[in-house]
Amino acid sequence: MDAQTAVKPRVAVHKFSSCDGCQLALLNLGEDLLALAARVELVHFAEAGPLDPDTEVDIAFVEGSVSTPEDLERIQQVRRHSRMLIAIGACATSGGIQALRNGADGAEWVARIYSHPEAISSLAHSTPIASHVKVDFELWGCPVSGPQMLAVVNALLLGVTPRANADKVCTECKRQGYPCVMVSRGVACMGPVTRAGCGALCPGLGRDCYGCYGPAENANTDALATQFDHLGLEPQAIVHRFQSINSQAPVFLAAADKARMGCDE
Ligand code: SF4
Ligand code: SF4
Ligand code: SF4
């Protein structure tokens, strides 16, 4: 069978509880997305046009957390219909910013914010996709990087297992030759414990990393919390550094809990 007549892999992009930013990262690939679209059949991607959420696919990208009763039901269906399921973005990999409610009384927040709280149907917790179904690969970030998504699809099309980059943002920062904001200006930076992939975007702009790519492999959060303490951060401020976009990633959750003990002393 030649390339013209070969059956193209079917790809879907599904949205759960999210802001659509990770789908936009894919759309922003521009010409690369058009090239990709020529090699695969994009059967469901609401942001881009095609709609067929219940169809069987080879690769399903899933953006967003499981935060509503409807999400809970639909993720099982997506899993049944997908050969490979790839969770994209902080919402899908760790519950995202909406998981900050996991440590609070979500119902009370809803009652305070909305004039008709009965119209809101949400679960008590926001959870990552892997808490509910088998996930074949995870891409972290808020949002994910489009080129990283492309690299994953290219690997799968070649029959190769995609490689996770679980190194630290500091390694990318050093390679780019950016001045270290923590050493040069005493700014608390999450780079030493955060997963690489963004090209050290924030230090490149002269600001600290706030951990949006989630925990790196072998993240030494104890050492970083001690460094934050030396920089003069109050225990509560250290808690907030770890309790952010990826607050429910186990490594950051444990670091925040440990720092919280300092708040009680
Ligand atoms: S990870 Fe960030 S950019 Fe992606 S959907 Fe969630 S909130 Fe939006
Ligand atoms: S600025 Fe942040 S990411 Fe860059 S080297 Fe310093 S601590 Fe690491
Ligand atoms: S430097 Fe940190 S906060 Fe900024 S984009 Fe990269 S991982 Fe996210």
Side-chain angles (χ1 to χ4, degrees), residues 13-28 45-47 61-68 71 86-101 126-130 135 138-149 164-217 219-221 223-228 230-231 233 240-249 251-252:
V13 182
H14 293 279
K15 171 189 162 64
F16 282 75
S17 294
S18 61
C19 81
D20 288 24
C22 290
Q23 294 181 68
L24 287 177
L26 187 55
L27 275 179
N28 285 341
F45 187 5
E47 282 275 0
F61 286 106
V62 175
E63 173 200 81
S65 66
V66 172
S67 295
T68 68
D71 288 343
I86 300 168
I88 54 165
C91 299
T93 52
S94 78
I97 197 81
Q98 59 272 39
L100 285 173
R101 76 164 183 263
S126 165
T127 42
I129 301 300
V135 169
E138 287 185 332
L139 271 176
W140 291 66
C142 180
V144 283
S145 110
Q148 269 192 330
M149 281 178 79
N165 182 359
D167 217 339
K168 299 167 179 77
V169 172
C170 286
T171 58
E172 294 184 313
C173 192
K174 294 289 176 207
R175 263 185 232 124
Q176 303 278 1
Y178 297 141
C180 177
V181 299
M182 194 137 69
V183 171
S184 61
R185 299 192 348 246
V187 175
C189 180
M190 290 284 285
V193 297
T194 299
R195 183 180 289 250
C198 68
L201 194 60
C202 299
L205 296 169
R207 57 154 298 165
D208 54 292
C209 166
Y210 51 91
C212 87
Y213 268 60
E217 212 166 57
N220 191 342
T221 50
L224 189 61
T226 303
Q227 172 66 9
F228 286 171
H230 290 158
L231 290 175
L233 266 69
H240 287 156
R241 295 306 291 178
F242 291 108
Q243 286 274 276
S244 178
I245 291 164
N246 288 289
S247 66
Q248 301 303 299
V251 172
F252 286 176

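Just so you know, these numbers use all the heavy atoms, side chains as well, and skip hydrogens, waters and symmetry mates. In each ligand, atom 1 is the first atom listed, and ligand 1 is the first ligand listed.
- By the criterion of a heavy-atom distance under 4.0 Å, the side chain of Pro203, and not its backbone, is placed next to ligand 3.
- For Cys212, heavy-atom contacts with ligand 3 shorter than 4.0 Å involve the backbone as well as the side chain.
- The contact set between ligand 3 and Tyr210, taken as ligand atoms under 4.0 Å from a residue heavy atom, comprises 2 (Fe), 3 (S).
- Ser94 and Asn246 get closest at one heavy-atom pair: OG-OD1, 2.8 Å.
- Atom-to-atom distance recorded for Leu139:CG and Asn165:CG is 10.5 Å, nearest 0.5 angstrom.
- Annotation: atom 8 (Fe) of ligand 1 to nearest protein heavy atom, Cys19 SG, 2.3 Å.
- For ligand 3, the atoms closer than 4.0 angstrom to any heavy atom of Cys198 are 1 (S), 5 (S), 6 (Fe), 7 (S).
- For the pair Ala92 and Val62, the tightest heavy-atom approach, listed with the atom from each and the gap, is CB-O, 3.4 Å.
- Ligand-side atoms of ligand 1 in range of Pro143: 3 (S), range being under 4.0 angstrom from any heavy atom.
- Residue Gly141 has at least one heavy-atom neighbour below 4.0 Å for each of these atoms of ligand 1: 1 (S).
- Counting heavy atoms closer than 4.0 Å to ligand 2, residue Cys170 contributes atoms from both its backbone and its side chain.
- Remark: the backbone N or O of Pro215 is not paired with any side-chain donor or acceptor of Lys168 at under 3.5 angstrom.
- Looking at atom 7 (S) of ligand 3, its nearest protein heavy atom turns out to be Tyr213 CD1, 3.5 Å.
- Taking every heavy atom of Val181 and a limit of under 4.0 angstrom, the matching atoms of ligand 2 come to 1 (S).
- Neither the backbone nor the side chain of Gln23 comes within contact range of ligand 1; no heavy atom lies under 4.0 Å.
- Scanning Gly64, Gly89, Gly214, Cys91 for the heavy atom closest to atom 6 (Fe) of ligand 1 points to Cys91.
- Pairing each heavy atom of Ser17 with each of Ser67, the nearest pair is OG-CB, 3.3 Å.
- Short contacts between ligand 1 and Ser18, defined as distances under 4.0 Å to a heavy atom of the residue, involve ligand atoms 5 (S).
- Once rounded to the nearest 0.5 Å, the distance linking CD1 of Ile88 with CD of Gln148 reads 11.0 Å.
- Of the N and O atoms on the side chains of Ser65 and Gln98, at least one donor lies less than 3.5 Å from an acceptor on the other residue.
- Residue nearest to atom 2 (Fe) of ligand 2, selected from Ala196, Cys189, Pro192, Gly191: Cys189 (by heavy-atom distance).
- Atom 4 (Fe) of ligand 2 has as its closest protein heavy atom Cys173 SG, 2.4 Å.
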Q.
Run the side-chain contact (heavy atoms from CB on, under 4.5 Å) test on Met149 and Val13 for me, step by step, so that the C-alpha distance in whole Å, both residues' side-chain angles and the decisive distance to 0.1 Å come before the verdict.
A. CA-CA 12 Å; Met149 281 178 79; Val13 182; 5.8 Å; no
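- Of the protein's heavy atoms, Ala90 N, 3.2 Å lies nearest to atom 1 (S) of ligand 1.
- Within ligand 1, counting atoms from 1 as listed, the ones closer than 4.0 Å to a heavy atom of Glu63 are 5 (S).
- Side-chain N/O atoms of Ser18 and Glu63 include a donor and acceptor closer than 3.5 Å.
- Close approach of ligand 2 to Cys180 (heavy-atom distance below 4.0 Å) involves ligand atoms 1 (S), 5 (S), 6 (Fe), 7 (S).
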**Q.** Verdict with reasoning, Met190 to Phe228, per side-chain contact (heavy atoms from CB on, under 4.5 Å)
**A.** CA-CA 10 Å; Met190 290 284 285; Phe228 286 171; 4.0 Å; yes
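- In terms of modelled atom types and a separation under 3.5 Å, the side chain of Arg195 and the main chain of Ala164 share no donor-acceptor contact.
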